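Heads up, the thing below is written out as structure tokens.
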Amino acid sequence: MSDTVLNVQSLTAGYVPGLPILHDVNMRLGRGEIVAVIGPNGAGKSTLIKAIAGLVLVEEGTIMLGARNLVGIRPDEMAIFGIAYVPQTNNIFRTLTIRQNLMLAAKRSDGLVDDLIERMFTLFEILRDKQLDKGGKLSGGQRQMLAIAMALVAEPTLILMDEPTAGLAPKVAEEILALVQDIAEKGVSIIFVEQNVKAALRISNRTYILAEGRNQIDGSTQELMEGQVIKEIYLGGRRLETS
Amino acid sequence: MIGIVSYLVFFLTMGFVLSIAVLGLNLQWGYTGLFNGGVAAFFGAGAYGVILFGGSNKAGQLIGFGLPYPFAVAGAVLLAGLLAWIVGLITTHLRHDYLAIATFGVAIAVENFARNAEPITGGAKGLRGFERPFETVINDPFWFNLAYLIFVFVVLIIVYNILENIGQSPFGRLLRAIREDEVAAQSLGKSPARVRLQAFIFGSMIMGLSGALYATFYAFISPQDIVPILTFQIWSMLIVGGSGNNKGAVFGTLIVWAGWVGSGWVLTQFAPVEMQLYIGTIQFIMIGLIIVLTLLIRPKGLLPEKLIISRSVARVKPE
Amino acid sequence: MIQNLFDGILVGSILSLGAIGLTMVMHMLRFANFSHAELLSLGAYVTFVFDKLLESMVPALSQTIGGLSLTFSLIFAIILSMGVTGVSAIIIDWLVFRRIRDSAGPLSMVFASFGVALIVRNLISLIFGLKPKLYSEEITFAVRVSLDPLILIKLDQVFVLCMALVIMLIFHFVLSRTTFGYALKAVSENPTLSQINGVRLALMIRLIWLIGGGLAAVAGVFYGLNNQVSFLMGKDLVLSLFAAVIVGGIGSIYGAVVGGFLVGLASNMALLILPSGYKPAVPFLIILIILSIRPTGLFGEKK
């Protein structure tokens with residue numbers, strides 16, 4: 001298996017001290033790997049990636065990026081370590097133009113910015129046409145593309161995505177998922193939270209199932225798809241047993 | 001000796017009058033979390049109200065109804081309530097600091113009105129010549145003042161008990177619930193804006209009562225008595241004592257009032273001549289320091305609220 | 001009528017400068033800062049001190065510019081004072097507001113700002129005296145623009161208005177053309193998202209105080225040039241500044257500029273129907289009217 005990029009160990013984290021939402025969560029991610037996090041509502045899926053992004057109070061455990069523990073690093077410093085985070089909603093600036101959004105996200109002011117933005121426009125032609133429009137004018141799918149472009153423009157090694165397909169029309173959602181696969185093929189690792197279990201299992205290399213803030217099952221997606229467990233307890237619609 | 005006793009009588013009378021205003025503020029801030037930046041306006045409405053309603057009509061004066069004292073006080077309290085209703089109706093459902101700005105503004109407007117509407121308020125000279133109840137019967141300043149002290153004390157006890165009862169009633173719990181978590185209170189089917197408005201009006205009426213007692217004591221009121229510093233004095237009294245706690249409110253009032261009177265006395269006695277003009281300035285800095293330092297060092301005051309409140313607000317701090 | 005219009009625009013430009021900082025703080029730190037207006041008087045007095053210092057150190061600087069009563073030393077003093085006032089705002093935040101922000105709700109900060117205002121205002125009067133000061137003892141004569149209706153305009157006033165507009169224009173370019181400007185807009189729209197995008201919130205907060213304080217200092221000097229330098233300046237202006245912010249909509253920088261002009265105009269036009277004694281109450285009426293018909297202001301975002 002590919003070398004480990006990120007290793008989350010015994011993570012206990014939440015918004016209020018003493019009231020953790022995640023309990024003892026473990027997770028591992030290899031280079032260029034796509035890992036999906038699924039689970040019922042309120043399972044702590046979003047909290048998990050927020051914790052990695054430095055937005056949530058970590059009470060115990062480590063988040064190792066290579067040899068570096070990310071716990072305690074401020075969210076605005078994450079980019080330095082090559083981590084980008086795409087929130088589920090409000091993930092672009094409505095009052096800035098598309099181009100300004102990208103310039104801000106590029107986090108650099110040298111001559112390379114224009115090249116980087118140009119590369120984003122080749123990837124998302126639609127954004128090029130609208131580059132002088134305010135972010136607030138974009139449609140749902142376009143917003144999601146801009147949000148992903150804002151992550152990519154900073155040239156990360158790891159992208160965290162919170163339900164990138166939520167609220168999108170099926171066709172647009174497919175485009176986004178295909179894009180996620182493309183990005184991973186270029187060697188960028190991706191962790192994404194997904195409501196649509198089938199889609200998650202289809203494009204990910206491995207899948208983690210969270211419930212009530214704890215790991216339930218993990219393993220390669222292949223194993224999960226073949227295993228009786230997930231078919232019965234999850235895809236079959238039965239409520240997930242909690243530990 | 002009689003000098004000291006009569007000073008003590010004055011000191012306590014004012015202390016109790018101010019305590020009533022502080023209790024009114026405690027209902028708004030301590031119980032409900034409403035920021036009233038214009039205590040002086042509602043105090044002033046009561047003070048001017050009692051003389052306008054109770055005083056007789058004099059030359060060049062438009063208003064002066066000469067009502068019997070209890071009616072004059074009731075009118076004064078209602079006037080303060082009316083003012084609070086107007087301001088509260090517009091602001092209690094908005095972002096919380098809008099109320100602070102609007103009430104701060106109403107205090108400036110009321111003072112401005114008092115200074116300028118000469119036919120009604122007597123302008124900068126103020127209103128004087130108010131006949132106090134029983135003044136002619138007692139006919140001795142010392143005994144009258146002592147009797148008035150007792151009267152004010154009784155009023156304070158009554159107001160205190162009413163507020164304590166409110167605090168323990170379901171309404172009082174509702175106020176605290178709204179202060180702590182408006183959304184949760186709303187989900188219980190209560191309209192926070194409405195309840196906040198009620199608390200705001202009632203608290204302001206208590207301030208009006210305090211103003212009425214103040215004006216009665218001096219039988220005189222002028223714009224000088226309702227300047228913004230009054231608001232800050234009353235605020236400092238509340239937080240020094242401990243907001244949310246009525247005992248603390250009265251306790252804090254007496255401490256800050258003693259500090260104010262005491263510092264004034266010390267400065268007039270011992271400050272060099274060229275500093276005499278700046279006694280007020282120094283005292284204002286003192287009030288500012290009391291407010292800031294209490295918030296920084298002992299935000300719950302000397303006598304904190306005796307409630308265990310769940311802290312459920314998550315705060316994301318920068319850095 | 002036209003005289004009122006001109007006076008209104010002039011005062012409006014000063015209010016706009018002051019309101020820019022206030023609206024940023026009210027939006028970002030989520031509290032109504034009653035001590036912001038004291039930064040105007042602080043800036044005016046610091047300028048006064050630097051002006052006198054520069055004049056005594058370099059007498060050549062005391063020469064006036066053109067037909068203005070302004071001297072070169074005053075111009076330099078303003079620039080120095082912008083820095084000092086901005087840094088003072090950062091220090092006040094560090095001493096008081098930051099600590100309260102970490103431990104209590106926004107209303108405690110509103111409350112603390114009253115205390116800070118009292119302390120700053122009265123410290124100024126303790127140091128500089130109760131009597132107002134003037135930047136220049138020379139009497140400047142107003143130019144009679146027309147006799148009927150009588151319109152008197154001082155050259156200094158024209159200068160103040162032009163400078164205020166130039167400063168706002170510069171600020172506009174910073175906002176719309178630089179990454180710093182985007183970051184400022186980004187932070188005021190969505191603090192968390194801007195953090196994710198590499199914007200350091202604590203640094204931005206300091207910059208907002210620095211800019212707000214600097215602009216307040218200029219506004220204070222301009223107000224002092226137009227009237228006089230008094231420790232009561234902040235007390236007289238605080239409500240007008242809040243009115244400007246609320247008219248424009250909290251958080252909208254352009255709204256604050258427009259709001260400043262509207263409040264300045266309204267306050268001066270109101271004198272056509274109200275006796276002048278009621279002028280201090282006009283901003284309050286404006287606030288009540290805006291809050292009852294459009295609480296989000298002209299440019300504020302709806303919740």
Side-chain angles (χ1 to χ4, degrees), chain B residues 29 33-35 37-38 86-87 89-91 93-102 104-113 115-118 123 228-229 231-232 235-236 239 275 277-278 280-296 299 313 315-319, chain C residues 26 30-32 34 95-96 99-112 114-123 125-126 129-130 191-192 195 200-205 231 235 238-239 242-243 245-246 250 275 277-288 291-292 295 303:
Chain B
W29 171 251
L34 291 166
F35 197 102
I86 296 169
V87 179
L89 206 56
I90 299 174
T91 50
H93 62 281
L94 298 172
R95 189 180 139 155
H96 290 195
D97 45 8
Y98 280 136
L99 183 66
I101 298 170
F104 181 76
V106 80
I108 287 179
V110 166
E111 187 198 336
N112 193 249
F113 182 78
R115 260 181 222 289
N116 288 283
E118 214 159 313
I229 187 69
T231 301
F232 308 133
W235 266 103
S236 63
I239 63 156
M275 285 306 289
L277 261 179
Y278 292 91
T281 308
I282 295 168
Q283 286 185 300
F284 290 176
I285 294 176
M286 199 181 78
I287 293 289
L289 282 174
I290 290 177
I291 291 175
V292 171
L293 292 178
T294 311
L295 283 171
L296 286 177
V313 191
R315 224 172 264 116
V316 181
K317 285 180 225 164
E319 284 194 56
Chain C
M26 278 182 78
R30 310 227 125 255
F31 80 106
F34 279 83
L95 279 176
V96 181
R99 287 159 209 267
I100 294 170
R101 195 155 62 228
D102 288 351
S103 60
L107 282 177
S108 292
M109 289 206 278
V110 176
F111 191 9
F114 276 112
V116 170
L118 271 179
I119 295 170
V120 172
R121 184 189 308 148
N122 290 290
L123 273 181
S125 85
L126 206 58
L130 298 169
T192 314
Q195 251 185 315
R200 206 174 142 200
L201 275 191
L203 184 68
M204 290 307 279
I205 289 172
F231 73 100
K235 183 172 176 260
V238 59
L239 204 55
F242 276 124
V245 168
I246 290 176
I250 292 179
Y278 287 103
K279 197 175 171 187
V282 175
F284 170 65
L285 295 178
I286 297 173
I287 291 172
L288 276 199
L291 289 186
S292 44
K303 273 269 153 95

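Lettering of chains follows the sequences in order, A, B, ..., and the numbering in each one begins at 1. Fair warning: this is a prediction, and the values are worked out from it, not measured in the lab.
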>> Heavy-atom pairs under 4.5 Å with chain C - which of B:T231, B:I239, B:T91 has more of them than the others?
In response: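 Ranked by heavy-atom pairs under 4.5 Å with chain C, first place is B:I239.
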>> Please rank B:T294, B:V106, B:L289, B:L296 by heavy-atom pairs under 4.5 Å with chain C and give me the top one.
In response: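 Option with the top pair count is B:V106.
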>> Determine whether a donor-acceptor pair (N or O, by modelled atom type, separation under 3.5 Å) exists between the side chain of B:Y278 and the backbone of C:N122.
In response: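 Side chain of B:Y278 to backbone of C:N122, a donor-acceptor pair under 3.5 Å: no, none is there.
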>> Please check this pair: side chain of B:N112 against backbone of C:G277, looking for a donor-acceptor N/O pair closer than 3.5 Å.
In response: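 Yes: the side chain of B:N112 pairs with the backbone of C:G277.
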Using non-hydrogen atoms only, which part of [X] is less than 4.5 Å away from chain B: side chain, backbone, both, or neither?
{"X": "C:L95", "value": "backbone"}
{"X": "C:M204", "value": "neither"}
{"X": "C:F111", "value": "both"}
{"X": "C:F34", "value": "side chain"}
{"X": "C:V238", "value": "side chain"}
{"X": "C:I287", "value": "side chain"}

> Mind checking whether B:F104 and C:F114 have ring centres under 6.0 Å apart?
Replying inline: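 Yes, they do, as the ring centres are separated by less than 6.0 Å.
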> What is the distance from atom CD1 of B:I86 to atom OG of C:S292, rounded to the nearest 0.5 Å?
Replying inline: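 The CD1 atom of B:I86 sits 11.5 Å away from the OG atom of C:S292.
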What part of [X] gets within 4.5 angstrom of chain C, counting heavy atoms only: side chain, backbone, both, or neither?
{"X": "B:I285", "answer": "both"}
{"X": "B:F232", "answer": "side chain"}
{"X": "B:I229", "answer": "side chain"}
{"X": "B:M286", "answer": "neither"}

Looking at every non-hydrogen atom in both residues, tell me the closest pair between [X] and [Y] and how far apart they are.
{"X": "B:D97", "Y": "C:A32", "value": "OD2-N, 3.0 Å"}
{"X": "B:L94", "Y": "C:P295", "value": "CD2-CB, 3.5 Å"}
{"X": "C:L239", "Y": "B:G105", "value": "CD2-CA, 3.6 Å"}

Any side-chain heavy-atom pair from [X] and [Y] closer than 4.5 angstrom?
{"X": "B:Y98", "Y": "C:L291", "result": "yes"}
{"X": "C:L118", "Y": "B:V292", "result": "no"}
{"X": "C:K235", "Y": "B:I108", "result": "no"}

> Taking every heavy-atom pair that is under 4.5 Å apart, which of C:Y278, C:F242, C:F231 has the most such pairs with chain B?
Replying inline: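 Sorted descending by pairs with chain B, the first entry is C:Y278.
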>> Please identify, among C:L130, C:V116, C:L123, the residue contributing the most non-hydrogen atom pairs under 4.5 Å to chain B.
In response: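 Sorted descending by pairs with chain B, the first entry is C:L130.
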> Can you list the steps and then say if C:I119 with B:I291 is a side chain to side chain contact (heavy atoms under 4.5 Å, CB included)?
Replying inline: CA-CA 10 Å; C:I119 295 170; B:I291 291 175; over 6 Å; no
